[in-house]
Amino acid sequence: MSFMSWFGARRDPKQSARDAIVGLRQQLQMIEKKEEYLQKKIEEELRKAKANAVTNKAAATAALKRKKASEAELDRLAGTRLQLEMQVNTLESANMNAETMAAMKKAADALKVIHGNMTVDQVDATMNEVTAQREVAQEIAEIISNPSALVDLDEDELLQELNDLEQEQLDERLRGADHVPLHRPHITEEPGVYLHHNIVLFLESIDEEEELRQLQASMAM
C-alpha cells in the first residue's frame with residue numbers, strides 16, 4: 001500500500017477497476033494450475049488403488065482416501081473459480097457501463113458547445129430563409145430557361161408582318177398572272193399529262209394560300 005493511500009488519497013475509479021480485474025484474473029490462473037495438479041493427483045491415486053487392490057489392500061485403501069481428499073479439494077476450487085469469474089464479469093460490465101456513461105457525458109457537453117446560443121426559433125427562422133431563397137433561385141432558373149423571356153415579342157407587330165408577307169406573296173402571284181401569254185402554249189406532252197400538271201400546280205397554290213390564312217388566324221388568337 002502506497003504512502004498516499006494511508007491518508008485516503010482518491011484513486012481513479014477506472015484504474016481501480018482495472019487493477020481489481022487484473023488481480024482476479026491472476027487468482028483464476030493460480031486456481032486453474034491447482035486444479036490441473038489435483039486432477040493429475042487423483043488419476044495417480046486411482047492407479048495406485050487399482051494396482052494394490054488385490055495384493056495390498058491397506059495401500060489401496062490409503063490411495064483411495066487421498067483420491068477422495070483431492071476430489072473434495074478440486075470441488076472446492078471449482079466453486080471458488082466460479083465466484084471469481086462472476087466477479088470478473090461484474091467488474092468488466094460495471095467498468096464498461098462507466099466508460100459508456102463518460103463517453104455519453106462528453107458527447108452531451110460537445111452538443112452543448114455546438115448548439116451554443118442556438119434556439120429552436122432561430123433554427124426555424126433560418127430554415128424559412130433557406131426555403132425562401134430556394135424558391136427565388138427556382139424562379140430565376142425558370143426565367144432564364146424560358147425562351148420567351150429572352151425576347152419581348154409584340155403580337156400586333158408580328159401579325160402585321162405576317163399580313164405584309166401574305167400580301168407580298170399575293171402581289172407576286174398577280175404580277176405573274178399579268179405576264180401569262182394569251183396564246184395557248186405549244187404542248188409537247190400528251191393532253192392528259194399537260195392537264196394533270198396544271199391541276200397539280202393549281203392545287204399546290206390553293207394549299208399555300210390556305211396555310212397562310214391558318215397561320216394568320218392562329219397569330220390573331
Side-chain angles (χ1 to χ4, degrees), residues 1-138 140-141:
M1 184 176 294
S2 64
F3 174 78
M4 294 298 296
S5 62
W6 288 100
F7 296 92
R10 187 176 179 180
R11 301 183 60 189
D12 184 7
K14 294 182 180 179
Q15 187 61 41
S16 298
R18 295 190 188 98
D19 293 343
I21 292 172
V22 171
L24 289 172
R25 291 196 178 280
Q26 290 176 349
Q27 190 65 24
L28 281 171
Q29 291 177 355
M30 293 177 60
I31 291 175
E32 289 174 357
K33 291 180 180 179
K34 182 67 174 179
E35 286 176 336
E36 292 177 0
Y37 168 76
L38 290 173
Q39 187 63 41
K40 291 179 180 179
K41 187 175 181 180
I42 290 170
E43 294 173 357
E44 182 182 356
E45 296 298 336
L46 180 59
R47 285 194 299 269
K48 290 179 180 180
K50 288 181 179 180
N52 296 306
V54 177
T55 59
N56 190 347
K57 292 186 179 296
T61 301
L64 289 175
K65 288 180 180 180
R66 290 190 296 271
K67 172 180 171 294
K68 291 293 184 181
S70 296
E71 288 176 345
E73 180 67 13
L74 187 62
D75 291 339
R76 186 184 67 80
L77 288 176
T80 303
R81 177 166 54 82
L82 179 60
Q83 292 295 328
L84 291 176
E85 289 174 348
M86 291 177 62
Q87 285 186 333
V88 170
N89 291 334
T90 302
L91 279 172
E92 288 179 343
S93 179
N95 191 38
M96 181 178 296
N97 291 336
E99 291 180 354
T100 301
M101 290 302 299
M104 293 178 67
K105 179 63 169 58
K106 290 182 180 179
D109 294 339
L111 286 174
K112 290 180 181 179
V113 174
I114 292 172
H115 290 154
N117 296 324
M118 187 183 302
T119 63
V120 176
D121 293 336
Q122 290 176 342
V123 174
D124 188 44
T126 301
M127 293 307 299
N128 290 335
E129 292 178 1
V130 171
T131 301
Q133 293 302 319
R134 186 183 297 115
E135 292 176 354
V136 171
Q138 182 66 25
I140 293 174

Chemist: Between CE of M96 and OG of S93, what distance do you get to the nearest 0.5 Å?
Modeler: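 With rounding to 0.5 Å, CE (M96) is 7.0 Å from OG (S93).
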
Chemist: Could you grab the distance from atom CZ of R81 to atom CD of Q83, nearest 0.5 Å is fine?
Modeler: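 The CD atom of Q83 is 11.5 Å from CZ of R81, to the nearest 0.5 Å.
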
Chemist: First locate atom CZ of R18, then atom CD1 of I21, and finally report the distance between them rounded to the nearest 0.5 Å.
Modeler: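 So the CZ of R18 and the CD1 of I21 are separated by 8.5 Å.
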
Chemist: Is any side-chain N of the basic residue among E36 and K40 closer than 4.0 Å to the acidic one's carboxylate O?
Modeler: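 No salt bridge links E36 with K40.
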
Chemist: Please identify each residue that fulfils side chain to side chain donor-acceptor pair (under 3.5 Å) with E92, with sequence neighbours left out.
Modeler: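 Per chain and number, E92 pairs via side chain to side chain donor-acceptor pair (under 3.5 Å) with R25.
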
Chemist: Can you measure from OG1 (T80) to CG (D75) and round to the nearest 0.5 angstrom?
Modeler: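 Reported to 0.5 Å precision, the distance equals 11.0 Å.
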
Chemist: Is there a side-chain contact between Q27 and L24 in this structure, where contact means two heavy atoms from C-beta onward sitting under 4.5 Å apart?
Modeler: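 In short, these two side chains do not touch, never coming nearer than 4.5 Å.
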
Chemist: According to salt bridge (charged side-chain N to carboxylate O under 4.0 Å, His left out), who are the partners of D109, at least two apart in sequence or on a separate chain?
Modeler: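 So D109 forms a salt bridge (charged side-chain N to carboxylate O under 4.0 Å, His left out) with K105.
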
Chemist: With rounding to the nearest 0.5 angstrom, report the CG to CG distance, L28 to L84.
Modeler: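 So the CG of L28 and the CG of L84 are separated by 5.0 Å.
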
Chemist: Please tell me whether E85 and N89 have a donor and an acceptor in their side chains that are separated by less than 3.5 angstrom.
Modeler: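 On atom types as modelled, these side chains do not qualify, holding no pair under 3.5 Å.
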
Chemist: Measuring from atom CG of L82 to atom CD of Q87, what distance do you get when rounded to the nearest 0.5 angstrom?
Modeler: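 So the gap between those two atoms works out to 10.5 Å.
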
Chemist: Which pairs of donor and acceptor atoms, one on a side chain in residues 42-49, lie under 3.5 Å apart (sequence neighbours left out)?
Modeler:
residue	atom	partner	partner atom	Å
E45	OE1	R66	NE	2.9
E45	OE1	R66	NH2	3.0
E45	OE2	R66	NE	3.1

